[in-house]
Amino acid sequence: MQRSQTGQSIMTSVIPGIGGCKSMGEVRVRFAPSPTGKLHIGGVRTALFNFLFAKKNSGKFILRIEDTDFERSKDEFLEDICNSLQWLKLNWDEGPDNRNPENKNEYFQSQRMEIYKEHAFKLLETGMAYRCFCSRERLDNLREKQKIEKSDFIGYDGHCRSLSMEEIEKNLEMKLPYTVRVKVPEGEISFDDMVREKITFPALNFDDFIILRSDLFPTYNFTVVVDDHLMNISHVIRGEDHISNTPKQIILYNAFKWEIPKFGHLPLIFGEDGKLLSKRHGAVSVLEFKEQGYLPEAIINFLALLGWSFDSEREVFSMEELIELFSVEKISKKAARFSYEKLLWYNTIYLNEKSPVEKLHLIKPYLLKEAAIKDWTGESEAKLLKLIEVCGDRIKKLPDLVFYAKPVFNEPESIDEKGEKKFLSSEENLRTLFTINSELNKINRTDFVSGRLEGIVRSITEREGLNPNKIFQAIRLILTGGLLSAGLFETMEIMGKETVVYRIEKYLKGKGIY
RNA sequence: GUCCUCAUCGUCUAGGGGCCUAGGACACUGGCCUUUCACGCCGGCAACCGGGGUUCGAAUCCCCGUGAGGACGCCA
């Protein structure tokens with residue numbers, strides 16, 4: 001059987017729908033995470049750029065799960081990855097069916113082991129690869145020796161490359177374990193990177209690396225090449241950390257005489273301290289950001305502009321606009337630092353685009369969780385909608401409303417000490433509050449609106465010759481316990497007459513007034 | 001150690017020989033507005049890693065340093 005026929009038959013039998021013909025010019029890209037951890041923000045950026053590139057070029061975005069590390073791969077991580085991508089609306093055209101995660105399909109590498117083995121043996125047949133019977137001890141010693149000698153070359157010395165047929169037969173008969181290594185040809189290897197320029201590696205850099213381990217499971221660089229070819233991947237867009245894997249993969253493409261896809265290597269994302277982004281930088285997994293109250297639109301926009309730019313002016317883009325305007329040429333070469341502040345800024349922008357009803361819907365889980373509201377009724381919902389409007393830009397993240405909602409629905413547990421000292425310590429102020437509260441009490445509860453309230457409070461304080469600002473703060477303290485709130489009179493209106501009058505009265509009574 | 005990549009305000013970036021006394025955004029900051037906070041408006045601070053070339057002219061091109069990151073596994 002000839003190589004091309006083999007490829008063909010595997011392709012059609014294993015990936016129905018893709019077919020054998022590599023339609024010229026069709027863009028097919030893939031995102032290939034391994035489910036050994038939650039999807040983190042760096043991965044999302046890679047996925048996003050692949051997605052944008054695919055959509056921009058009317059191509060396909062493929063999700064492939066690299067779950068060959070059986071020890072560390074977990075279904076919960078698979079689920080996390082799928083959920084994260086879907087939450088961000090980075091939907092894949094081909095890939096796992098996550099409504100049915102039990103039923104793993106051909107987009108899982110774990111389901112493709114036979115294919116890899118078959119292809120490795122194909123290379124064995126064509127003489128592009130060979131069996132290596134070297135023991136681990138020998139390899140360890142070799143590497144050790146090379147290090148001590150400060151050799152420029154560290155790697156396999158090709159010991160088994162020229163084993164005779166007889167020796168191989170003999171070893172096989174003795175059931176000696178073996179690995180399969182590619183024969184790496186002489187000569188430097190270079191490729192044109194879509195993001196960078198031409199990248200060239202000197203020949204010295206490569207040893208005959210292993211493609212099949214002694215347990216006959218394939219290695220990473222091998223599976224990637226086989227899959228990318230079989231899945232007709234046209235452009236490989238991935239992190240910069242894969243640059244040095246690329247020549248190895250090119251060696252394999254050449255060994256198979258396969259067409260080499262285009263490669264593009266994205267700069268990495270660092271934490272705010274300039275170190276590679278990791279758990280200790282706070283939130284890194286997508287769903288953590290979701291929990292903290294960030295919007296998917298904000299994350300997408302922020303990530304898109306981290307390492308890519310349109311021009312020097314615009315930096316707010318919807319997904320549709322990103323797809324339309326995306327271009328590989330404008331991808332930066334430089335690793336960028338993640339900025340929670342900038343993300344927050346984007347979040348504010350996208351949050352403000354939402355209607356109060358939409359916001360309330362998104363914020364509801366936080367309100368319930370934080371126990372800010374005991375009974376969720378139509379009345380409380382109406383209050384919350386008003387509060388959302390009144391709070392405006394103060395809500396930068398979803399849970400921020402909790403802070404403003406709490407005092408509306410709950411009596412403050414304590415009062416800010418400094419504030420109390422400053423605004424509520426004088427007898428004069430307390431007496432004025434008493435007068436104000438009596439007036440407030442005379443208002444019909446249906447007339448308890450902010451304009452009316454402000455008029456009353458202002459006229460009384462002015463009549464008493466007091467600074468209205470101080471009285472405003474005093475009222476704010478009694479009602480909310482702190483010095484931060486949305487507009488005072490709007491807040492009072494939302495609280496309603498009973499609550500306001502009751503809290504002021506209670507406070508004054510505590511101070512011996514009434 | 002070898003190889004690869006990268007290098008403009010604190011951060012994200014614009015810039016591809018003269019338009020640059022380097023532009024925008026976030027952050028910070030002064031002022032205005034204002035019942036607090038936030039928003040908004042006006043203003044400010046702040047950068048071409050160093051050294052050599054090439055050129056009439058360099059942030060932009062070349063070389064050498066330096067720094068940062070990555071890769072060198074029977075991990076992915």
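Throughout, a chain's letter reflects where its sequence line sits, starting with A, and its residues are numbered from 1.
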Using a cut-off of 4.0 Å on non-hydrogen atoms, how would the nucleic acid contact of [X] be classed: base, sugar-phosphate, or nothing?
{"X": "A:Gly239", "result": "nothing"}
{"X": "A:Lys248", "result": "nothing"}
{"X": "A:Leu483", "result": "base"}
{"X": "A:Pro202", "result": "sugar-phosphate"}
{"X": "A:Thr179", "result": "base"}
{"X": "A:Ser309", "result": "sugar-phosphate"}

Using the [atom1] atom as the reference point in each nucleotide, state the distance between [N] and [M] in Å, no decimals.
{"N": "B:U2", "M": "B:U54", "atom1": "P", "value": "31 Å"}
{"N": "B:A47", "M": "B:A22", "atom1": "P", "value": "9 Å"}
{"N": "B:A25", "M": "B:G44", "atom1": "P", "value": "12 Å"}
{"N": "B:G23", "M": "B:C9", "atom1": "P", "value": "14 Å"}
{"N": "B:G18", "M": "B:G31", "atom1": "C1'", "value": "38 Å"}

Lys NZ or Arg CZ of A:Arg337 over A:Phe270 ring: under 6.0 Å, within 45°: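 So A:Arg337 doesn't make the cation-pi contact.
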
N or O in side chain of A:Arg458 less than 4.0 angstrom from B:U35 OP1/OP2: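 For B:U35, OP1/OP2 do have a side-chain N/O of A:Arg458 under 4.0 Å.
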
If you check the [X] side chain, which of [options] turns out closest?
{"X": "A:Ser485", "options": "B:U11, B:G70, B:U36", "result": "B:U36"}
{"X": "A:Arg394", "options": "B:A14, B:A38, B:U13", "result": "B:A38"}
{"X": "A:Glu315", "options": "B:U35, B:A25, B:A38", "result": "B:A25"}

